[in-house]
Visitor: 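Below: one structure in structure tokens.
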Amino acid sequence: MDRFLARYRPLISAVLSGFDRLVVRGTLLPLVMRGGMFCFLQRAQVGLLDFKEYVLATSERVKAAALGEAVEHDRPIRYLESSTTDKEKLARRLLAEYPVDDGLICAFKTVEPCMSFEYHRSPDPRERGLRLRPRKCLHIYKYYRHRVFGVLHARLQTWFPFAVQICLNGREWLAQQLQRKGRTDFRRWDKCFTWLGDPALAQRLMHQQLALAWPRALDALARALNPLHTEIFKPWPQAYYWSVYQSEWATDVLFKTPAALAAVYPALVRHATLHFQSPDVMRFLGRKAHGNFTGELTTSFKDRAEGVRVKHWVNGNSIKMYDRPGVLRVETTIAKATDFKVFRPLQHKPRGAFAWRPLRKGVADLHRRAQVAQRANEHYLDALAAVEDSTPLHRLLDQVGCPTAYRGRRVRALRIGDPAGLALLQAISRGEWAPAGFRNRDLRRLLCPTSCPAPPREARRLTAKVTRQLRLLRAHGLIHKISKTHRYRLTPKGQLLTAALFAARDATLQQLIGTAA
């Protein structure tokens, strides 16, 4: 990110990195394991013949207890006929109609798919018993204005195993922290900060979110969601295992004025679209501002702020860039954590040897998830810095146009004009590799697409071919290997070369001659 900031330093007022949307799920692991529900019923002295009656009665009690807080404080309760209803929009409307400074905003009831228990019949006694099966049941959503986390919502499945989902927003949380410290020197647009009076303080507060005792904080929210939890599981006490279903880590570059960002953003979008090979470019209209936004709002469609989003995704994870008034945001979304490697001990040996192991979904790895996402954002921003780099193209081409040595062996020059070489450079420069890098198999999928798996001999041949190409790129300093993994990432030199090469190939002679003049 340093290269990007150095290039646009006179235009930038602050940089803020931290969680945006964070979706956490709570699971009662002993209960959902094979035989867990049967063991619980035995300890609760409930027979299988009474199973249906017991779970129905328990579910009704849970519904009444979960909604008791809304009834006690006279907060709105709504039944939603469709689970696709925009609940956040409805919650904000109810907050405007029924204001509250702290506590519960409203509660929603809706039927959604879930996993719940039913008795599985089978002639084989070993297969017979209680099993988790897909079904639908009532879910309760509760929206809060929390004194620490700001506006958040939590969802409770009202049938066994009472799964919980909590959705937080790091920027809402930051606004709440700043206000608790008596700081009002900031402006917001939706959930995005457009100006900060003390950027250093804001960043320190964002970092403090990672040091939170997450299980304790989430357990407190779960207890408010289901007050009967301790009573129900008294025969066999259960605690939720908290895992991150999806996280969005955003790096906001705050420009001094919206006009300063508007002057450079079209070039950044063009670069991200062409150089990073993104097929997903979406134009959107900014949402109505709220909170501490002090700008002017109009109802005229043509006067509403328009933005452009560029998104790259692979295997459930994504990285995207979009703009808000005066703010350039790069955001990494992680939904499949195992694609990333982090330096940690084994789960059951916290004091054991550290090694590069897959990123876990549990909140224990939340700080490592933040490190991975921040690194992805920084790589993406540094790649964007090539837009206005003044390095002469011949200097880059001359370096890769001559043979070099790699580990004591001669390596041929890079053939820039070769279609196969161009396809390889295009494949390694794609934006979706910013979060986790690319592997041999990723390049094979792009360079040798096929509708059916290749025979083993052909697959080995293609693997060996791509391995030789990766060695060639490493020898010329265009990529580097991510430590303790089979993944690679572009170097700054590789970012400059690929950006310059494809920009020159797409430019017309008139553009090239005019630029040179």
Side-chain angles (χ1 to χ4, degrees), residues 22-70 72 104 107 114-120 129-133 135 137-142 144 146 148-149 152-168 212-245 345-351 360-366:
L22 185 64
V23 183
V24 186
R25 286 183 171 177
T27 308
L28 301 175
L29 289 182
L31 202 65
V32 300
M33 291 179 179
R34 188 176 181 86
M37 186 64 184
F38 181 73
C39 182
F40 168 73
L41 293 176
Q42 282 187 318
R43 297 191 183 195
Q45 299 181 350
V46 177
L48 283 178
L49 293 177
D50 301 321
F51 169 73
K52 184 176 181 180
E53 182 180 350
Y54 171 75
V55 296
L56 286 173
T58 303
S59 178
E60 291 302 317
R61 292 175 58 216
V62 167
K63 294 174 190 176
L67 295 173
E69 182 182 8
E72 179 182 353
L104 183 66
C114 68
M115 296 293 291
S116 191
F117 293 99
E118 67 178 31
Y119 188 79
H120 177 67
L130 296 170
R131 296 286 186 272
L132 277 172
R133 291 286 185 268
R135 60 181 304 164
C137 78
L138 187 76
H139 289 70
I140 292 178
Y141 285 79
K142 297 174 79 171
Y144 288 94
H146 197 274
V148 175
F149 302 119
L152 64 88
H153 77 261
R155 183 186 72 180
L156 171 68
Q157 176 183 321
T158 60
W159 286 57
F160 279 95
F162 303 120
V164 170
Q165 178 171 294
I166 297 173
C167 185
L168 310 167
L212 181 73
W214 281 94
R216 185 186 307 168
L218 295 171
D219 284 341
L221 293 172
R223 284 194 297 271
L225 197 58
N226 180 11
L228 296 183
H229 177 88
T230 303
E231 178 186 337
I232 293 171
F233 294 101
K234 186 177 181 180
W236 188 16
Q238 303 271 333
Y240 281 103
Y241 172 77
W242 296 103
S243 60
V244 181
Y245 172 68
L346 288 171
Q347 183 166 349
H348 302 295
K349 297 181 180 179
R351 297 187 178 180
R360 297 169 293 187
K361 279 196 167 185
V363 293
D365 269 3
L366 198 60

Visitor: For Tyr245, does the OH atom have more than 12 heavy-atom neighbours from other residues, nucleotides or ligands under 6.0 Å away?
Guide: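 No, the 6.0 Å shell around OH holds no more than 12 heavy atoms from other groups.
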
Visitor: Return each pair, listed once, that meets salt bridge (Lys or Arg N to Asp or Glu O under 4.0 Å) where at least one residue sits in residues 223-239; pairs must be two or more places apart or across chains.
Guide: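 Applying salt bridge (Lys or Arg N to Asp or Glu O under 4.0 Å) to every pair that reaches into residues 223-239, excluding sequence neighbours, yields Arg61-Glu231.
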
Visitor: Measure the shortest side-chain to side-chain distance between Leu48 and Phe38 over non-hydrogen atoms and say whether it is less than 4.5 angstrom.
Guide: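 SC-SC contact between Leu48 and Phe38 confirmed.
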
Visitor: Would a 4.5 Å heavy-atom cut-off, applied to side chains only, mark Leu221 and His146 as touching?
Guide: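 SC-SC contact between Leu221 and His146 confirmed.
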
Visitor: If every non-hydrogen atom of Tyr240 is compared with every non-hydrogen atom of Gly26, which pair is closest and at what distance?
Guide: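 That would be CD2-C, 3.3 Å.
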
Visitor: Is there a donor-acceptor contact under 3.5 Å from the side chain of Gln45 to the main chain of Pro235?
Guide: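 Not confirmed, Gln45 side chain does not pair with Pro235 backbone.
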
Visitor: Quick check: do Leu31 and Met37 have side-chain heavy atoms less than 4.5 Å from each other?
Guide: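 Answer yes - side chains close enough.
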
Visitor: Which heavy atom of Gln238 sits nearest to which heavy atom of His229, and what is that distance?
Guide: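 For Gln238 versus His229, the nearest heavy atoms are O-NE2, 2.9 Å.
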
Visitor: For the atom pair CZ (Phe117) and CZ (Arg135), what is the distance rounded to the nearest 0.5 Å?
Guide: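 The CZ atom of Phe117 sits 11.5 Å away from the CZ atom of Arg135.
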
Visitor: Has the side chain of Ser59 got a donor or acceptor atom that lies under 3.5 Å from a matching backbone atom of Thr158?
Guide: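 Yes: the side chain of Ser59 pairs with the backbone of Thr158.
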
Visitor: At their closest point, which heavy atom of Leu225 faces which heavy atom of Ala66, and how far apart are they?
Guide: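 Closest approach of Leu225 to Ala66: O-CB, 3.4 Å.
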
Visitor: Mind checking the CZ-CD1 spacing from Arg25 to Ile166? Nearest 0.5 Å is all I need.
Guide: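 Here the rounded value is 12.0 Å.
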
Visitor: Over all heavy atoms of both residues, which pair between Cys137 and Trp159 is shortest? Give the atoms and the distance, please.
Guide: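 Looks like CB-CD1, 3.3 Å.
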
Visitor: Is the shortest side-chain heavy-atom distance between Arg34 and Arg131 below 4.5 Å?
Guide: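 Yes. Closest side-chain heavy atoms under 4.5 Å.
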
Visitor: I want to check something: taking the side chain as every heavy atom from C-beta on, are Leu212 and Val148 in contact at a cut-off of under 4.5 Å?
Guide: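 Side-chain contact under 4.5 Å: no.
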
Visitor: Please find out if less than 6.0 Å separates the ring center of Phe162 from that of Phe160.
Guide: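 Yes, close enough.
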
Visitor: Working to the nearest 0.5 angstrom, can you tell me the gap between Leu67 CG and Leu156 CG?
Guide: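 Answer rounded to 0.5 Å: 9.5 Å.
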
Visitor: Among pairs that include at least one residue of residues 45-58, which meet salt bridge (Lys or Arg N to Asp or Glu O under 4.0 Å), considering only residues two or more places apart or in two chains?
Guide: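 Listed by first then second residue: nothing to list.
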
Visitor: Drop me the distance from Gln157's CD to Asn226's CG, to the nearest 0.5 angstrom.
Guide: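 One gets 11.5 Å once the value is rounded to the nearest 0.5 Å.
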
Visitor: Output the distance between atom NZ (Lys63) and atom OG1 (Thr58), rounded to the nearest 0.5 Å.
Guide: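 Reported to 0.5 Å precision, the distance equals 11.5 Å.
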
Visitor: Starting from the C-alpha separation in whole Å, work towards a yes-or-no answer on side chain to side chain contact (heavy atoms under 4.5 Å, CB included) for Trp242 and Val164.
Guide: CA-CA 9 Å; Trp242 296 103; Val164 170; 3.9 Å; yes

Visitor: Identify the two heavy atoms, one from Phe149 and one from Ala217, that lie closest to each other, and give their separation to 0.1 Å.
Guide: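 That would be CZ-CB, 4.0 Å.
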
Visitor: Once you round to the nearest 0.5 Å, how far does CG of Leu228 lie from CZ of Phe233?
Guide: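 CZ of Phe233 is found 10.5 Å from CG of Leu228.
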
Visitor: So, does Lys142 use its side chain to make a donor-acceptor pair with the main chain of Ala224 at under 3.5 Å?
Guide: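 Yes; judged by distance alone, with no hydrogens or angles, the pair exists.
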
Visitor: Over all heavy atoms of both residues, which pair between Trp214 and Leu22 is shortest? Give the atoms and the distance, please.
Guide: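 Minimum heavy-atom contact is CH2-CD2, 3.6 Å.
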
